[in-house]
Amino acid sequence: MTEPTASRPAPVPPSRPIRYVALGDSMTEGVGDPDPARPNGVRGWADLVAEQLTAAHPDTRYANLAVRGRLLRGIVEGQLDACLALEPTLVSLYAGGNDMLRPRADVDALMEVYEQAVARLRASGAEVVLFTAFDPGRDAPTSWTRPRQALYNEHVREIADRHGCRVLDYWRMRTLQDWRYWAVDRLHMSAAGHTYVAARMLELLGVAHALELPPTEQLPVTASPGVLKEDLYWAREYLLPWIGRRLRGTSSGDTVAARHPGWTTLFPRDVVPAGPAPRGAAGLRGSGEPVDWPEAGHA
């Protein structure tokens with residue numbers, strides 16, 4: 001399925017020096033894209049963006065305050081002040097995905113909180129990139145959320161218009177409706193999905209990048225809804241534990257800290273396309289070891 005296209009103005013690269021802060025939940029933390037050498041054992045699209053920003057602009061600094069399981073209000077209350085204290089020039093925000101999975105989510109009320117956060121970010125002088133919600137399609141376990149996700153998206157677009165934000169339109173990334181871009185838990189993107197989103201983000205920012213993906217047909221099949229054996233495995237390993245956490249009032253992020261709470265620089269490594277590694281390529285995907293800056297703000 002091809003992506004919807006429309007004429008739009010050429011992207012303008014962010015102002016320099018770039019001080020980029022990523023806010024959000026598991027999607028921005030990087031869950032689904034494992035890398036044991038990195039904090040919390042994951043990489044994710046935001047790390048990839050930071051690496052490519054550094055390749056284009058070596059003075060780039062990066063912080064990632066996202067934590068899995070966070071609801072929208074938790075993101076605003078737990079991450080916004082810390083973000084503003086860093087005085088970023090560029091902020092990405094994806095918040096609300098976990099709220100959409102709650103039976104009684106009030107989208108209109110949530111987006112009032114969301115807009116207040118966006119207003120504070122823009123008032124700081126930072127450029128802000130907002131995400132629409134992803135369209136799970138008809139076959140995903142979260143397909144029942146589609147109407148509220150669509151309402152969420154309309155709010156995001158209106159808020160972006162009012163406050164002068166860029167929008168990364170996750171909803172229209174039809175390529176991602178192929179299960180090969182999703183992890184075995186069927187809720188988070190795989191390495192291929194994270195790489196795809198990182199490339200789209202960099203293109204939105206007008207930044208040249210070296211990210212590559214093999215053709216979709218060469219990607220491994222990581223999720224197969226409708227196959228009884230796999231459905232039973234998924235229910236036992238992922239669905240039932242998720243329900244258990246809801247009943248206990250706990251979160252997968254209760255014992256998890258932000259991966260990069262202060263300024264760091266992720267240097268780009270040789271990029272190995274997401275998906276099956278070429279023969280003899282073991283270990284080529286670098287750990288992206290960070291260099292931590294000691295100061296809390298910017299020089």
Side-chain angles (χ1 to χ4, degrees), residues 11-25 27-30 38-40 42-67 70 75-95 114-131 156 159-160 163-168 194 197-211 257-269 286-299:
V12 178
S15 59
R16 297 175 57 192
I18 298 172
R19 300 188 297 275
Y20 169 42
V21 178
L23 305 178
D25 52 29
M27 185 264 204
T28 301
E29 184 188 344
R38 299 188 189 227
N40 296 357
V42 295
R43 180 182 63 166
W45 67 265
D47 275 20
L48 291 171
V49 168
E51 291 176 5
Q52 296 298 310
L53 287 173
T54 301
H57 306 293
D59 54 356
T60 295
R61 297 185 185 182
Y62 166 59
N64 189 326
L65 307 182
V67 176
R70 291 295 186 264
I75 291 169
V76 172
E77 294 170 1
Q79 299 175 26
L80 182 59
D81 286 342
C83 171
L84 292 172
L86 292 169
E87 300 183 31
T89 61
L90 175 65
V91 178
S92 63
L93 174 63
Y94 184 38
Y114 180 100
E115 182 163 16
Q116 292 169 7
V118 171
R120 288 186 63 192
L121 290 170
R122 289 293 288 140
S124 76
E127 184 164 5
V128 178
V129 178
L130 306 178
F131 282 70
V156 167
I159 290 168
H163 296 278
C165 304
R166 304 193 199 198
V167 175
L168 190 64
H194 279 279
V197 168
R200 301 292 84 77
M201 169 68 89
L202 290 159
E203 290 160 9
L204 178 70
L205 295 174
V207 176
H209 63 84
L211 298 177
R259 299 179 57 233
H260 297 295
W263 290 127
T264 189
T265 295
L266 294 187
F267 292 102
R269 304 297 182 93
S287 65
E289 295 177 3
V291 172
D292 293 314
W293 298 89
E295 67 269 29
H298 66 277

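Reckoned from all heavy atoms, side chains included, excluding hydrogens, waters and symmetry mates. FYI, the numbering just counts along the sequence from 1.
Under the 3.5 Å distance criterion, the side-chain polar atoms of T89 are left unmatched by any main-chain donor or acceptor of A126. Listed for the R19 side chain is no donor-acceptor partner under 3.5 Å among the backbone atoms of R61. With hydrogens and angles ignored, the 3.5 Å screen pairs a side-chain donor or acceptor of T265 with a backbone N or O of T60. The closest donor-acceptor contact from the side chain of S124 to the backbone of L121 lies under 3.5 Å. Without hydrogens or angle criteria, D47 side chain to G30 main chain gives no donor-acceptor distance under 3.5 Å.
In plain terms, the two heavy atoms of I75 and G24 that are nearest each other are CD1-C, 3.6 Å. Shortest non-hydrogen contact noted between L23 and A66 is C-CB, 4.2 Å. A pairwise comparison of heavy atoms in H209 and Q52 identifies CA-OE1, 3.5 Å as the closest pair. For the residue pair S92 and A22, the shortest heavy atom distance occurs at OG-CA, 3.5 Å. Of all heavy-atom pairs spanning A198 and L48, the tightest one is CB-CB, 3.7 Å. Shown here for R166 and L204, the closest heavy-atom pair between the two residues is NH1-O, 2.9 Å.
Between the side chains of E29 and N64, no donor-acceptor pair is found at a separation under 3.5 Å.
At a threshold of 4.5 Å between non-hydrogen side-chain atoms, the residues L205 and M201 count as touching. Counting only heavy atoms from C-beta outward, the side chains of P17 and H57 never approach each other to under 4.5 Å. Within the 4.5 Å cutoff, no side-chain heavy atoms of L130 are placed close to those of L168. Residues V129 and V91 form no side-chain contact, since every pair of their non-hydrogen atoms from C-beta on lies 4.5 Å or further apart. Contact check for D59 versus T54: no side-chain heavy atoms found under the 4.5 Å cut-off. A heavy-atom distance below 4.5 Å is found between the side chains of R259 and V42. In this structure, L65 and C83 have side chains that are in contact, with non-hydrogen atoms separated by less than 4.5 Å. A 4.5 Å side-chain heavy-atom check between R38 and L266 finds at least one atom pair inside the cut-off.
Scanning for ring pair (Phe, Tyr, Trp, His ring centres under 6.0 Å) contacts around Y20 gives Y62, with sequence neighbours left out. Shown here are the salt bridge (Lys or Arg N to Asp or Glu O under 4.0 Å) partners of E77, two or more places apart in sequence or in another chain: there are none.
Residues W45 and Y94 place their aromatic rings such that the two centres sit no closer than 6.0 Å.
Between D81 and R120, at least one side-chain nitrogen of the basic residue sits less than 4.0 Å from a carboxylate oxygen of the acidic one, meeting the salt-bridge criterion.
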Quiz item: Step by step, would you call F131 with V156 a side chain to side chain contact (heavy atoms under 4.5 Å, CB included)?
Solution: CA-CA 7 Å; F131 282 70; V156 167; over 6 Å; no
Quiz item: Does the pair V49 and V197 meet the rule for a side chain to side chain contact (heavy atoms under 4.5 Å, CB included), with working shown?
Solution: CA-CA 9 Å; V49 168; V197 168; over 6 Å; no
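In this structure, L211 CG and R200 CZ are separated by 9.0 Å, a value rounded to the nearest 0.5 Å. With rounding to the nearest 0.5 angstrom, the CE atom of M27 is 7.5 Å from the NE2 atom of H194.
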